2 protein chains.
Amino acid sequence: MDKGSPEAAWREDCAPRRVLELFATKWTSMVLHTLHARHQGAARTGLLQRSLPGISKKMLTQTLRDMEASGLISRHVDSVVPPAVTYRLTPLGTRCVEPVELLYGWGRANADALDALQPRPSARRR
Amino acid sequence: MDKGSPEAAWREDCAPRRVLELFATKWTSMVLHTLHARHQGAARTGLLQRSLPGISKKMLTQTLRDMEASGLISRHVDSVVPPAVTYRLTPLGTRCVEPVELLYGWGRANADALDALQPRPSARRR
DNA sequence: CAGGATCCTCCACGATACTG
DNA sequence: CAGTATCGTGGAGGATCCTG
């Protein structure tokens, strides 16, 4: 592990940085939060989609795929006839939930302050 | 689109959700981390850019603007002749650092597991 | 029900050049 | 040094149809 860079900051491919980039997606953190806070760490695809207003089936699947590849969740195919797929938080993912929940809680705690400041998240001047 | 579903989950415009979307950007979390962990909560523009390999001047400014609008940081113009602008974490921003640092720490702690799982962050197969 | 395959839109992001 | 303006691009993200 070469950490000798004086001022060179963290390399672009270091693990923490890749983690932060993992969450630089629209749905990753919200899927994680929903899975944990609303479904005790396990839920089927349809339920997840219903729990995430606005997400498209494509993005749900894609996000779940990425999270699975990152070891945050695991995929379980229960049945066969009408496919019943359940996603569960892995131990790794469960440990990762804590920071996200803190961020979420921070948002709730400061909702008023945030509402007062931000007129609209997407309303950027043109 | 029918709104007001009974189990419609969290509304799309609730504060926590907007917070998570705030961090669904490439640089927000990294600017926050850098500002806190490497510069004790205050740094000038140039230093920030040098601390964030790969960021463009445009994105730096834009990210800083958004963070300022969200109350995470404050902007201080020190001099006049050669502009010397310093950005500082606000109390709000400082409290927000904790979750991000946890996420960052989680990445460091599980770097090996993450490296083993993820072949390449940008190499998405379809 | 889960999710692949397609097509398309739009904006996040980057490179460059310019101002004060 | 800090910031803006402009332009171009990739790819995230959405809608729709189709499969087992």
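In what follows, every heavy atom counts, from backbone to side chain, and hydrogens, waters and symmetry copies are set aside. Owing to the predicted nature of the structure, the values given are computational and were not obtained by experimental measurement.
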Heavy atoms only: give me the nearest B:Q49-B:K57 pair and the separation to one decimal. NE2-N, 3.5 Å
Atom CG of A:L52 and atom C1' of D:dG13 are separated, to the nearest Å, by 15 Å
Between C1' on C:dG3 and CE on A:M67, what's the gap in Å once rounded to a whole number? 17 Å
Listed nucleotide nearest any side-chain atom of B:R75, set D:dC1, D:dG3, C:dA2: D:dG3
Treating primed atoms plus P, OP1 and OP2 as sugar-phosphate and everything else as base, which nucleotides of nucleotides 13-20 of chain C get B, S or - for protein heavy atoms under 4.0 Å? BBB----B
Quickly work out the B:L48 CG to D:dA2 P distance and round it to whole Å. 9 Å
Hey, quick one: are A:W106 and B:L102 part of the same hydrophobic cluster, counting side-chain heavy atoms closer than 4.5 Å, chains of contacts allowed? no
Rounded to whole Å, CZ of B:R50 lies from C1' of D:dA2 at a distance of 13 Å
Phosphate OP1/OP2 of D:dA2: any B:R44 side-chain N/O under 4.0 Å: yes
Same apolar cluster (I L V M F W Y, side chains within < 4.5 Å links), A:L92/A:L35: yes
Using whole Å, what does the distance between atom P of nucleotide D:dC1 and atom CG of B:L64 come to? 16 Å
A:R65 atom CZ is separated from D:dA12 atom P, nearest whole Å, by 16 Å
Atom-to-atom span, CG of B:L60 to P of D:dT4 - whole angstrom: 12 Å
Applying side-chain contact (heavy atoms from CB on, under 4.5 Å) between A:T28 and each of A:L22, A:L64, A:V100, report the one that passes. A:L22
With a 4.5 Å cut-off on side-chain heavy-atom distances among I, L, V, M, F, W and Y, is there a chain of contacts connecting B:V80 to B:V85? no
Do the non-hydrogen side-chain atoms of B:R17 and A:P53 ever get within less than 4.5 Å of each other? yes
